**Q** 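I have a structure here, written as structure tokens, and I will follow up with some questions on it.
Treat the numbers as computed from the prediction; the structure is a model and nothing was measured.
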Amino acid sequence: MNDIDATNRHTVTEEAPPPSLLAIVLDTNPHAWAHLSSSLSLSAALANILVFINAHLASGNANEVAVIASHSHKTAFLYPTPAKSQPKSRNGTNNGDVEMDEAGDGSGHYAANNPNKYRPFALVENAILQNFAKLLDETTESHLSATPTTLIGGALSLALTYISKSTILHAPTAASAENTSLAALADSEGTRVDRISLTSRILIVSVSGDLANQYIPVMNSIFAAQRRRIPIDILKLAGDTVLLQQASDATGGVYMKPDRPEGLLQYLMMAFLPDVTARKSLVIPSAGGVDFRAACFCHRKVVDIGFVCSVCLSIFCTANLPDNLCLTCGSYLSLRSALTNPPALIPRKKKKKRKAGTDSATPGGGTPAGSNTPVHP
């Protein structure tokens with residue numbers, strides 16, 4: 001083809017690293033931050049996270065970020081903001097998708113320009129601060145007294161959903177309109193543009209301790225992230241949870257529990273700023289000894305030994321279930337018979353001890369030391 005029309009057709013590829021999407025799940029549990037306020041306040045932590053977000057956006061021109069608040073009674077996007085006017089389908093109804101507005105106020109209008117700050121940084125900061133203040137204003141005393149934990153499972157689900165949508169938008173197979181424009185570009189300039197897929201990761205800044213009551217949704221999110229090869233990084237500022245250790249280990253993420261939470265920015269910049277592409281050339285910290293114990297489905301307690309449903313693999317810490325029925329799938333379980341009739345253990349065969357002087361291969365004992373073998377002429 002090149003010899004016929006005398007043109008030099010070639011493929012234009014990007015030599016720069018692929019764009020990176022960072023989804024930050026910020027634990028905004030008021031109970032946990034109240035205990036941590038002596039060493040690190042929530043406002044100071046949010047300021048350090050904003051500096052970290054700016055560093056991530058400055059690392060690549062095409063990098064993206066999403067911030068999700070995991071509160072005590074709800075989960076909400078801090079950035080980007082869901083638009084107030086949702087798109088309508090052809091029949092005039094909502095198509096089920098939620099459009100995100102990067103302006104921050106949800107109206108589609110950009111924030112006021114600040115001449116002393118880079119405009120993309122200002123848009124992200126204004127959106128996060130406004131939505132965070134709105135979240136605190138909507139929190140009442142009844143919400144705080146209802147539960148002392150945080151909805152980390154719902155925040156992980158939102159992060160995975162946003163990553164899936166962004167991955168589709170950045171997929172190498174473009175939409176029909178974009179295919180038309182790319183084809184016209186190839187015909188006019190004799191080039192073919194290849195789109196680069198998006199690399200994604202999730203960073204959880206956690207301060208809550210016990211998350212066993214959300215074992216099922218968190219484990220489902222871990223399996224989904226593992227299937228999509230999305231690393232889940234954990235920065236544990238306070239408390240300790242088994243689920244987050246398992247999430248980091250299963251997805252190949254970074255787990256850190258700093259001794260001094262006031263150095264939050266240093267930990268973020270040194271350990272969590274490199275994306276998936278850069279980590280292939282770095283030695284990343286790991287969680288070390290990971291606790292692989294599971295939480296029971298009946299009392300949400302971490303157990304060492306439990307009873308497993310043979311149908312849905314639910315774990316129970318006790319055999320005294322109502323009507324011997326599984327609390328998850330309703331299957332009949334014979335757990336009580338397992339207590340009365342424990343399984344028989346096959347004893348191990350005892351190895352016979354060898355007698356002294358019988359280790360040699362020579363029958364009748366070994367050859368006496370110093371004896372000479374007769375030599376026949």
Side-chain angles (χ1 to χ4, degrees), residues 23 25 27 68 70 72-75 96 146-165 167-168 200 202 204 206 208-234 239-253 255 287 289-348:
V25 177
D27 185 2
I68 302 172
S70 175
S72 57
H73 68 286
K74 63 181 294 187
T75 58
T147 175
T149 184
T150 182
L151 300 178
I152 197 69
L156 276 175
S157 301
L158 285 180
L160 292 173
T161 305
Y162 184 83
I163 289 176
S164 299
K165 180 180 178 180
T167 303
I168 294 175
S200 306
I202 300 176
I204 300 179
S206 175
S208 300
D210 188 16
L211 298 176
N213 58 343
Q214 301 185 48
Y215 179 81
I216 299 178
V218 171
M219 290 302 298
N220 290 337
S221 300
I222 293 174
F223 294 148
Q226 188 179 22
R227 183 180 181 86
R228 299 297 300 270
R229 297 181 180 179
I230 301 175
I232 299 179
D233 301 333
I234 307 298
D240 194 8
T241 56
V242 177
L243 291 180
L244 297 184
Q245 292 183 6
Q246 297 177 3
S248 175
D249 180 76
T251 58
Y255 183 90
V290 181
D291 191 354
F292 291 100
R293 292 182 299 171
C296 66
F297 286 37
C298 49
H299 300 91
R300 311 301 184 189
K301 296 181 180 180
V302 179
V303 295
D304 296 325
I305 299 176
F307 302 90
V308 181
C309 174
S310 58
V311 178
C312 64
L313 302 181
S314 299
I315 303 172
F316 304 101
C317 62
T318 178
N320 298 323
L321 298 177
D323 299 330
N324 283 354
L325 298 179
C326 176
L327 301 180
T328 304
C329 63
S331 302
Y332 178 79
L333 305 177
S334 57
L335 297 180
R336 296 180 182 177
S337 61
L339 296 179
T340 56
N341 300 322
L345 300 178
I346 301 176
R348 299 178 58 183

**Q** If I compare all heavy atoms of Cys298 with all of Cys317, which pair ends up nearest, and what's the gap?
**A**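 Closest pair (atom of Cys298, atom of Cys317, distance): SG-SG, 3.5 Å.
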**Q** Give the minimum heavy-atom separation between Thr167 and Arg228, together with the two atoms involved.
**A**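 Minimum heavy-atom separation between Thr167 and Arg228: CG2-NH2, 4.0 Å.
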**Q** Quick check for you: to the nearest 0.5 Å, what is the distance between Leu321 atom CG and Tyr332 atom OH?
**A**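 Output value for this atom pair is 11.0 Å.
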**Q** Is the closest side-chain heavy-atom distance between Cys309 and Leu327 below 4.5 Å?
**A**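 When only atoms from C-beta onward are counted, Leu327 and Cys309 do not touch, as no gap falls below 4.5 Å.
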**Q** What residues, two or more places apart in sequence or in another chain, satisfy side-chain hydrogen bond (donor to acceptor under 3.5 Å, both in side chains) together with Ser72?
**A**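 Counting only residues at least two positions away or on another chain, Ser72 forms no side-chain hydrogen bond (donor to acceptor under 3.5 Å, both in side chains).
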**Q** Can you tell me which residue pairs pass the salt bridge (Lys or Arg N to Asp or Glu O under 4.0 Å) test with a partner in residues 301-320, sequence neighbours excluded?
**A**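 Pairs touching residues 301-320 that pass the test: Arg293-Asp304.
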**Q** Sequence neighbours left out, what pairs pass salt bridge (Lys or Arg N to Asp or Glu O under 4.0 Å) with at least one residue falling in residues 214-227?
**A**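 Passing the test, one end in residues 214-227: no pairs.
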**Q** Which heavy atom of Ala23 sits nearest to which heavy atom of Ala159, and what is that distance?
**A**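 Distance-wise, the nearest heavy atoms are CB-CB, 4.2 Å.
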**Q** Asp233: which residues meet the side-chain hydrogen bond (donor to acceptor under 3.5 Å, both in side chains) condition with it, sequence neighbours left out?
**A**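 Only Arg279 meet the side-chain hydrogen bond (donor to acceptor under 3.5 Å, both in side chains) criterion with Asp233.
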**Q** Please find the pair of heavy atoms, one from Met219 and one from Leu243, that lie closest to each other, and give the distance.
**A**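 Here Met219 and Leu243 meet closest at SD-CD2, 4.0 Å.
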**Q** Which pair of heavy atoms, one from Leu151 and one from Lys74, lies closest together, and at what distance?
**A**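 Heavy atoms of Leu151 and Lys74 come nearest at CD1-N, 3.5 Å.
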**Q** Thr251 and Ile222: which non-hydrogen atoms are nearest, and at how many Å?
**A**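 In terms of heavy atoms, the two residues are closest at CG2-O, 4.0 Å.
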**Q** With sequence neighbours excluded, what pairs up with Thr150 under the side-chain hydrogen bond (donor to acceptor under 3.5 Å, both in side chains) test?
**A**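 Counting only residues at least two positions away or on another chain, Thr150 forms a side-chain hydrogen bond (donor to acceptor under 3.5 Å, both in side chains) with Asp27, Ser70.
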**Q** How long is the span from the CG atom in Asn220 to the CD atom in Gln214, to the nearest 0.5 Å?
**A**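 With rounding to 0.5 Å, CG (Asn220) is 12.0 Å from CD (Gln214).
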**Q** Between atom OG of Ser248 and atom CD1 of Ile204, what is the distance when rounded to the nearest 0.5 Å?
**A**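 Separation between the atoms: 9.5 Å.
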**Q** Would you mind reporting whether Cys326 and Val311 have side-chain heavy atoms less than 4.5 Å apart?
**A**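 Contact flag for Val311/Cys326 side chains = no.
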**Q** Would you say Leu333 and Phe316 make side-chain contact, with heavy atoms under 4.5 Å?
**A**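 They are in side-chain contact.
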**Q** Roughly how far apart are Leu158 CG and Ile68 CD1, rounded to 0.5 Å?
**A**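 Those atoms lie 5.0 Å apart.
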**Q** Go through the structure and list residues passing side-chain contact (heavy atoms from CB on, under 4.5 Å) with Ser221, not counting sequence neighbours.
**A**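 Only Leu156, Ser157, Leu160 meet the side-chain contact (heavy atoms from CB on, under 4.5 Å) criterion with Ser221.
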**Q** For a 4.5 angstrom cut-off between non-hydrogen side-chain atoms, does Ile315 reach Phe307?
**A**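 Answer no - side chains too far apart.
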